[in-house]
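Here's the structure, in structure tokens; my notes come after.
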Amino acid sequence: MSEALLTVDSLVVEYPLPRGRAHRAVDNVSFSVSSGQTVGLVGESGSGKSTIARAIVGLAPVTAGAVTLSQEAAAERKRSVQMVFQDPYSSLDPTKTVGYSVSEPLRVHRGRELGTKEIQARTAEMLEAVGLSASAASLYPAQFSGGQRQRIAIARALIAEPELVICDEALSALDLSVQAQIINLLVQLRETRGISYLFISHDLRVVEMLCDEVVVLYRGRVTEMGAATSVHARPQHPYTRGLVAAVPEIDPAQRAASRADRERLRRPVSPAVALGESCQYSHRCVFAGDECLQSRPALRTVDSGALVACHRTEEVARQLDDDPEIQTQAMTPRA
Amino acid sequence: MSVAAPTAPQDGTDSAGGSVAGRPKSITRTVLTSKRGVLSLAFLVLIFLACVLAGLITSGGPDAQSFLVVNKGPSLNHLLGTDELGRDLLTRILYGGRASLIGVAEAVGALLIISVPLGVTAGYLGGRTDKVITRVADLIMSIPVIIILLAVLAIFGHSMTTAMIAFGVLGSAGVTRVIRSAALAARSEAYIDAARVIGVSQRDIIFRHMLPQCRGVIVVQTALFAAIALGVQTGLTYLSLGPAPPAPTWGGMVADAVSQFYVAPWELVPSGAVIALTVIAFGVLGDVVRDAIAETHSGGAAVARRRRRHQPPPVVPAADTEPLLTATDLNVSVAAGTREETTLIQGIALSVLPGESLGIVGESGSGKTIAMKALAGLLPRGTAITNGSIRFQAAELSSGDESVYRKFRGRGIAIVTQEPMRALDPSYRVGKLLTDLVHSIDRCGRREARARAIELLRRVQILDPEDVAQRYPHEISGGMAQRVAVAMALAGRPQLLIADEPTTALDVTVQAEILDLLRQLQRETGMALILVSHDLGVVAEICSRVCVMYAGEIVEMAPSADLFAKPMHPYTRALISASPRSREERGPLSTIPGTVPAPRDWPVGCHFAGRCEFTTPACTAAAVELRSVSPTDMARCVRSEELFAASRSVPTNEVAS
């Protein structure tokens, strides 16, 4: 593997609360993205996944730790890292033409050297690359559907030839059929342009499909990270197991298996407690013991090859995976 | 379904979500197409030009006296009459208007120069800058304006310019705050973040992205302030605090006219009318602009009020197994009865048996939400049922009689919506909300109601119901709030629960919990369930029967297992194939080319024909009926049997190949 394009090292992001306290949105998170790689950040709301993205592009404060880019990328930081936002309706300025929005990064970073003609030509080319017609440049965002707007946002992110594109829930607001179009587009652009993605999503299915590596977050901390296929097929942390089992399935066999898994992992809901030096998942975990409440588990490598932050991974695996029913669930490929 | 490459757009004329897309009408255009806008603008322009060109329009100066025509009414020589010194009123109004309009311009200029940069900066930068600016603005707003103006006039020897600039400066405080709020709202838009990520300079962000967003507010505030400034200018000149007497001013003319009121009452009319009309014109212009802004933001105003115009069909005799709820041939239109009438859903026919769970699934623009709202009697303003019937047990619900619904709502039919937080009144504790509800439904004592409320919370698997009952809605999580909303729905022991995207706003783990809960409750209570969702998986998890909607119609309806294993409509198949799947099955996902047609653009025949790979001339010739295509499956497709009867595999593999 070459030098990492992006390294996030022990990142902490805190937001101040009244009376001198602070809310720690991201707590000691480390991972890296190599050139050409796609890394997924998965977690539910409040897991800190979007905050990490915002910290990388400078929209959130870095309280401690570091976000570093490779030397080349760091030289033109604002050009080399671009972002696609969740809501294609609010991420484009409604008062500006599509051409204006898409060409803006090029004007900002290379306007002097390129000149108006060349910028126009590249804008047209970029619009066509994302499957729109060049004439779209003179129209306004309101004249496009959600899927088309997300294409415009992607065109804007790619036009200045960034090395890394951060997709923050870029598919969540889209309908299924449109989502498929955008997934295909992202894959195609990755292959033709060698872009790396940091792909943030709550949808495990999409992450597994698009990403090489996946980082699972819960309450601002990493709970599990490793190869996307392995984390999806053989989740180790109780939270990741719950996450995989929670995906609604249309296949009856798989649905039954997921349901059985959920039964095993269920614990009646209780309000979350303040997170001190306990495991971040202890209040929801059926396997939580004293040690889980008293000390914070470190990330360590387990048999599946993933890094897992759980004191009791092996025991959980013994209890759940020895059950033949679960085994089949994890192994069954989709019919 | 072919593995289609992303499709090129049609020259940008398509639309999403059933809304009619198009170039947003510019504010200027909207103002110019409104009668009030044109009238007020034309009046202001006319006054302005007349004042500027006063020397050309009128003969003789404003001070030219003629003692032959003192205190006369309108005549050919003096269109508006003359005053007590025989001066022409029209001439004086026009010359006096110069001073008035210059005064207004000075005040507005000072206002804009101060409030726009400060307001936008405060909104954009926030933090300390914002605090300092708003505090200073608060301070200035507390200063009594009229006293300051009198002091300024005294100090600067009746200089109206100084006074009006001072008025603009004082007025800028309030306007700064208004602009700041608009900028603050614009600041939270994602495209401002996007511009920052791209690396756009702060100056460009403020001037190119934030300012256009605030311009509407600025225009409105300017127009309103201009009206006030004119009032103040006139008031000051009326008190002779402006230019010395021979000089014409509107306020001075009013004062003169008042002194002659018993001799020549007419004299008050010209000056009074021009002041009143100018103030009104500024106000109306402000209003029109504000409405225009609201319209561009909402993407078109709702036209018609809610209305019904059909007679429900006669009651059909009951079948053997009596369905709980039956909808027959249901049409819902927006702006019914006007030229703009557009059908949103058509020919919806479905029924729910007691204890059954029916899923309604579709993408945005499919009409599933409108269908659900029609069933629940919650159609938004401007839409109405234009055909068909909805029967709940023996009662006809589609008559438009609100009292019929009231009888069933809560008890017979309960509803759970997408956003649980909005369903709970934030000012009451959860326990009180539930207790009040039980109290009004069961008409039982307080203590009894309280006990049942706690029992309901326990029923929705809340671990510590006593504790949760003590909390306010904002103190519980989204998942917990949805449980409370379900508990409230259960309070009336409903026979039918309609859930509209009940888990869409929730995390996937919480979603699974809520779905498991709904399934269990259904088993325990025997209530029927209609679940509306865009997610095939969610519907598959919980529903025994599913109907798929596309562009306002039901395109397929079948038992859940059959529908997902062997879909009979090309759209259902395409939708299943577009679902993300495991990485081992490489290759691009199947996609559906094009977009859902907007209600106005529905084709004559099959609504899916334009995007379907199996389209033949028969598909577009005439409307396609929903019909039985297999023992269990109904589909709205002329080719279902021919295309799919033989296939047995799950479409993912078959279709992608």
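All of these numbers come straight from a predicted model, not from anything done at the bench. Throughout, a chain's letter reflects where its sequence line sits, starting with A, and its residues are numbered from 1.
- Contact check for B/Phe564 versus A/Asp251: no side-chain heavy atoms found under the 4.5 Å cut-off.
- When heavy atoms are compared at a cutoff of 4.5 Å, A/Arg156 approaches chain B solely by way of its side chain, counted from C-beta outward.
- When the heavy atoms of residues 535-544 of chain B are compared with those of chain A, the residues falling under 4.5 Å are B/Asp535, B/Leu536, B/Gly537, B/Val538, B/Ala540, B/Glu541, listed by number.
- With rounding to the nearest 0.5 angstrom, the CD1 atom of A/Ile182 is 12.0 Å from the CG atom of B/Leu589.
- At a 4.5 Å heavy-atom cutoff, the contact between B/Thr509 and chain A is made by backbone and side-chain atoms alike.
- One finds the CD1 atom of B/Ile576 at 5.0 Å from the CD1 atom of A/Ile250 (value rounded to the nearest 0.5 Å).
- Here the side chain of B/His534 pairs no donor or acceptor atom with the backbone of A/Leu176 at under 3.5 angstrom.
- The candidate with the highest count of non-hydrogen atom pairs below 4.5 Å against chain B, out of A/Glu128, A/Arg54, A/Arg149, is A/Arg54.
- Taking A/Ser90, A/Gly46, A/Ala246 one by one and counting their heavy-atom pairs under 4.5 Å with chain B, the maximum is reached by A/Ser90.
- No salt bridge links A/Asp93 with B/Arg208; every basic N to acidic carboxylate O contact stays at or beyond 4.0 Å.
- The closest side-chain heavy-atom distance from A/Ser101 to B/Tyr191 is not below 4.5 Å.
- Heavy atoms of A/Leu92 lying under 4.5 Å from chain B belong exclusively to its backbone.
- Neither the backbone nor the side chain of A/Pro252 comes within less than 4.5 Å of any heavy atom in chain B.
- Proximity to chain B is absent for every atom of A/His232, based on heavy atoms less than 4.5 angstrom apart.
- To the nearest 0.5 Å, the span separating CG on B/Asp193 from CE on A/Met83 amounts to 7.5 Å.
- The main-chain N or O of B/Ser364 is found under 3.5 Å from a side-chain atom of A/Asp175 such that the two form a donor-acceptor pair.
- Every side-chain contact (heavy atoms from CB on, under 4.5 Å) that B/Asp516 has, sequence neighbours left out, goes to A/Arg259, A/Arg262, A/Arg266, B/Arg519.
- Taking B/Tyr550 as the reference, B/Tyr571, B/Phe608 meet the ring pair (Phe, Tyr, Trp, His ring centres under 6.0 Å) condition, with sequence neighbours excluded.
- Considering only heavy atoms from C-beta on, A/Val57 stays 4.5 Å or farther from B/Arg196 through its side chain.
- Contact of A/Val206 with chain B is made through backbone and side chain together, with heavy-atom distances under 4.5 Å.
- Interface remark: A/Val98 contributes no atoms to any contact with chain B (heavy atom separation under 4.5 Å).
- If you measure heavy-atom distances from B/Ala194 to chain A, the contacts under 4.5 Å come from both the backbone and the side chain.
- Contact count versus chain A (heavy atoms, under 4.5 Å) is highest, among B/Gly478, B/Ser560, B/Gly479, B/Gly199, for B/Gly199.
- Using a 4.5 Å cut-off between heavy atoms, B/Gln511 touches chain A through its side chain atoms alone.
- The two residues B/Ser590 and A/Ala180 make their nearest non-hydrogen contact at O-CB, 3.6 Å.
- The OG atom of B/Ser579 lies 8.5 Å from the CD atom of A/Gln179; values are rounded to the nearest 0.5 Å.
- Looking at A/Gln86, neither its backbone nor its side chain comes within 4.5 Å of chain B, counting heavy atoms on both sides.
- B/Val508 and A/Pro248 make their closest contact through CG2-CD, 4.4 Å (heavy atoms, listed as atom of the first residue, atom of the second, distance).
- With sequence neighbours excluded, the residues forming a side-chain contact (heavy atoms from CB on, under 4.5 Å) with A/Arg107 are A/Tyr100, A/Ser103, A/Glu104, A/Ile119, listed by chain and number.
- With chain B as the partner, the residue from A/Glu263, A/Arg77, A/His109 showing the most heavy-atom pairs under 4.5 Å is A/His109.
- Here A/Ser47 contributes atom OG and B/Asp507 contributes atom CG; the two are 8.0 Å apart, rounded to the nearest 0.5 Å.
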